[in-house]
Amino acid sequence: MDSARTIFQVVALPSLTIVDTRRPGAFSLALTLTLMPCGALAQGFQRPTGIVEDPVALTLMSLVAILIGTAMICAVYLMRYRARLVDENEALRSEIAKLSNDAGERLALLAADDQRLLVYRGPGQPHVYGQLPAKAGTPQTHSNFLDFAEWLPVEVAGELAALIEQLRTTGRPFSESFDTLKGELVEVAGRTHGGLALVRFSHLGGLRVTLKTIEAEHAEAIATVETMQTLFDTAPAPTWLRGEDGRLVWVNRAYAEAVDIKDPAEAIEKQVEFLGETDRRRIAETVVTGETFADKLSTVVAADRHIFDVTETAGPLGTAGLAIDISETESVRRELRQTIDSQSETLDQLGTAVARFDAETRLSYHNAAFKDLFELTEPFLQGDPDHVALLDHLRSRGVLPTETAFPSQKRQEVLAAYKATEPTEDMWHLSDGRTLRVVATPHPQGGATFVFEDITEKLKLEMQIKTVIRLQRETIDYLSEGVAVFGSDGRLRLSNPVFAEMFGLEEAYLSTNPRIQTFRDLAGIKADAADRADIWAEFAIVVTSFDEMERASEAGEMELSSGRTVAYRAVPLPNAQTMLTFSDVSDARAAERMLRERNEALEQANRIKNDFVKHVNYELRSPLTSIIGFSALLRAPETGPLNPKQSEYLDYIGSSTSSLLTIVNDILDLATIDAGIMELEVSDVDIAATVDHAVDGVRDRLLEHQIALDIDIAEAGTAFRADGPRLTQILFNLLSNAANFAPHGSTVELRAWREADAVAFSVTDNGPGIPPEQIETIFERFESNPDGGRSSGAGLGLSIVKSFVELHHGTITVECPQNGGTRITCVFPFSPDDPNGAGDDDPLRTETTEAATRSQDFRDAAE
């Protein structure tokens, strides 16, 4: 080929190009053939005849022909090779398209299968294919997914990274399941394929999760069963398993030893029973009903009868039983029960509440006093409440006050007694005012015993004693009397500042509790009794004497060197103590002398007053009676007719003497009241008749000034108990006062009504009224206000009214309505049966009975 190409290059020949254009853009093969034209070869080699005779030319032509043939052959071969290559390319393209489709389908299937595939081709980051569902709790982006710590726990992420590294370096496959941070289960499987390391992540859901869970539970169950069998095989309590047919299928070593067989397998093979037939029948009858058998059974073990706490229950594959030897425990329990019963009987007789709590702080024992102390019900106590529940129950019922501390802090304080090594003491203040002293004694085995002592009365007594002592001390210190208390040995126990001041004693000296024998010489102010040479010696004898007879108090007076008079008294006290009291009676003695002198003066004034009343009665009333009598005689027809002037003068004399007689009578009544000898004649008084009598006395005056009288006594009833004449006098004075101040042509109202236990009378006028500042003075004697009135009297009418109302134990009030006028209301006590208690025990009669004799003498003298 190289020689031919050289020739072709040497000889410039025309070229021939062969191109395969069967497929657009396909590979083209060009072949250039160098041909020598006949004209060129003929130069020097061709004869004119056209026959080639030169051998060289023939050779060249032969070579050209060979070359042409070879070229044609090569061209045909190349064309066939090209066609084969085109077919192969087409096949490869089809294969690539098919593989591409298969890869797409696999990727689609991988994505549709909710899986994610990591493909490691060497060092560096892997290629990530597929996607896990969103509920798997894994990141959606590839970069975040490859950060395992972002969606797996830190320790799990480290474990997964180590497994992947082993897969890439050693080709060790793995298959694990991990929980994501969101609690979803993800399965991770790693394997190699050629030079690739593939890690597949699958979200386990549905049956796969269930299967995985079951596998894990099965493995855990197997491990648990093996562990429990190992435990029961080493346990000292006989344990057995029975099949559904009731035959033994497994026993532990303790079971074999209990039935005197060394190998548990031999016990199963021989079906050696641990319990008697009767007990097994009882167990079977109980278990077949679905209940658990639990009872104490006895059987013979090692030639000795033991008591076992037997428990057998049914399961899916049969039954399982356990027997615990409680023989020694039962013996101890019997002794303990006897001891506890004895203690309980003793504690129930105590008045102190006792409660015992176990290691779990639950109430295990209480006596009757505990139940009564907190008023707990039997159902609550039978529920075995713990300590905290008991306190909460007492707070909810209001027995204990509500705590303001945090529950955890209070619980820690409550349970501190259970952890203490020594008894603790606390004070409980109940809501009802009781105080409990709570002593908690911890038990070495756990728990504690609480003793609740009600010390309310004790504290109350202590407080009362302290209060009394403090009160007595303060009272003694603030007394105006000097007080000193001495013991049986004669030493001073207690004294107040007045005692030290009265005798000029120093506080420092008294604080040493000196003996009474030293007071005579050390007292700054000396004392001496008129009938005793040494009064302190007498006091020492009284304080230190041991008289078998009852000691009596002694009293007397003495003069001090300071000039004061002191009254002393020696009072025996319990425990052979003696109290000396000293009172400064100097002022009392001076006041006594003054009162004695004043009493004598009052008695003399009383005699003068009585004499004055007698003289008034004699000097005024008697001449008035004569004047009135002679005036009446002059008016008599027997004395002859009178001219108009004489009649007018007689009218003046009559009115003047009547007014003067009224004043004299009022003065006499007031004097009688002041003397305390006024006697009320209480009887049943007709209200209507009494009102008529009073109205008759003022009728002329009312007619003179054209004053109307409005009387309303319908609500007063018919009668009540009182002094009728005095009641008439009261109403007359009230009506006279109203008529004096009522305007011309106005109306005066007289009302009477019955209240709950009294009868009230009121008189109202439309006059100018009474100024507020004068209301308190209208009842004073000889107090008259002529303003607005037609005439000014002696000012005794309202004073007489007030005195008579108060004698009836009634009340009188004055009101001035806003529209003017004055309303005076008198209220007299009344009761349906015996108003004012009239009768044998009438207070009006009672207070006057003592003065009845004096009153009668006074009236006789006045008459």
Test salt bridge (charged side-chain N to carboxylate O under 4.0 Å, His left out) applied to Arg242 and Glu312, step by step: CA-CA 10 Å; Arg242 299 181 184 273; Glu312 186 163 347; 3.6 Å; yes
What orientation do [X] and [Y] show, parallel under 30°, tilted 30 to 60°, or perpendicular over 60°?
X      : Y      : result
Phe232 : Trp250 : perpendicular
His306 : Phe308 : tilted
Trp240 : Phe274 : tilted

State, with a plain yes or no, whether a side-chain heavy atom of [X] is found less than 4.5 Å away from one of [Y].
X      : Y      : result
Thr449 : Tyr365 : no
Val388 : Asp392 : yes
Met427 : Leu459 : yes
Glu453 : Val439 : no
Arg121 : Leu196 : yes
Glu150 : Pro139 : yes
Leu297 : Ile283 : yes
Lys135 : Lys182 : no

Would you indicate whether [X], at its atom [atom1], is surrounded by more than 12 heavy atoms from other residues, nucleotides or ligands within a distance under 6.0 Å?
X      : atom1 : answer
Arg356 : CZ    : yes
Glu378 : CD    : yes
Glu462 : CD    : yes
Glu269 : CD    : no
Glu375 : CD    : no
Gln271 : CD    : yes
Leu461 : CG    : yes
Gln382 : CD    : yes

Backbone N or O of [Y] within a donor-acceptor pair of the [X] side chain at under 3.5 Å?
X      : Y      : answer
Asn367 : Thr352 : yes
Asp384 : Arg362 : no
Asn252 : Thr234 : no
Glu425 : Arg437 : no
Arg395 : Leu400 : no
Arg116 : His142 : no
Ser202 : Gln115 : no
Arg397 : Phe374 : yes
Trp151 : Thr180 : no
Asn513 : Arg491 : no

Listed partners of Thr192 passing side-chain contact (heavy atoms from CB on, under 4.5 Å), at least two apart: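 Thr192: side-chain contact (heavy atoms from CB on, under 4.5 Å) contacts with Leu167.
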What are the two closest non-hydrogen atoms of [X] and [Y], and how far apart are they?
X      : Y      : result
Pro401 : Ser431 : N-OG, 3.4 Å
Ala355 : Leu363 : CB-CD1, 3.9 Å
Asp386 : Phe357 : C-CE2, 4.4 Å
Asp325 : Ile307 : OD1-O, 3.2 Å
Phe380 : Ala389 : CZ-O, 4.4 Å
Leu117 : Leu198 : CD1-CB, 4.1 Å

Salt-bridge contact Glu273-Arg281 (side-chain N to carboxylate O under 4.0 Å):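 So Glu273 does not pair with Arg281 through a salt bridge.
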Salt-bridge criterion met for Glu266 and Lys270 (N-O under 4.0 Å): yes
Check against side chain to side chain contact (heavy atoms under 4.5 Å, CB included), Ile164 and Phe148: CA-CA 12 Å; Ile164 294 175; Phe148 300 140; 3.7 Å; yes
Centroid separation His387 to Tyr418 less than 6.0 Å: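 Ring-ring flag for His387/Tyr418: true, centres closer than 6.0 Å.
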Which value, rounded to the nearest 0.5 Å, describes the distance between [X] atom [atom1] and [Y] atom [atom2]?
X      : Y      : atom1 : atom2 : value
Asp358 : Glu360 : CG    : CD    : 5.5 Å
Thr311 : Phe293 : OG1   : CZ    : 8.5 Å
Thr313 : Leu322 : OG1   : CG    : 11.5 Å
Glu244 : Thr319 : CD    : OG1   : 10.0 Å
Phe201 : Leu118 : CZ    : CG    : 4.5 Å
Phe178 : Leu163 : CZ    : CG    : 5.5 Å

Chi angles and distances behind the side chain to side chain contact (heavy atoms under 4.5 Å, CB included) call for Asp179, Val156: CA-CA 8 Å; Asp179 289 325; Val156 175; over 6 Å; no
Stepwise side chain to side chain contact (heavy atoms under 4.5 Å, CB included) check, Asp279 with Asp295: CA-CA 10 Å; Asp279 293 336; Asp295 199 358; over 6 Å; no
Glu187 vs Arg200, salt bridge (charged side-chain N to carboxylate O under 4.0 Å, His left out): CA-CA, chis, key distance, verdict: CA-CA 8 Å; Glu187 181 183 40; Arg200 185 184 303 275; over 6 Å; no
Sole candidate of Ile268, Leu248, Thr239 that passes side chain to side chain contact (heavy atoms under 4.5 Å, CB included) when paired with Tyr255: Leu248
Verdict with reasoning, Leu373 to Leu436, per side chain to side chain contact (heavy atoms under 4.5 Å, CB included): CA-CA 10 Å; Leu373 176 64; Leu436 304 181; 3.8 Å; yes
Non-neighbouring partners of Ser177 that pass side-chain hydrogen bond (donor to acceptor under 3.5 Å, both in side chains), sequence neighbours left out: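 If we apply the side-chain hydrogen bond (donor to acceptor under 3.5 Å, both in side chains) test to Ser177, skipping adjacent residues, the hits are Lys212.
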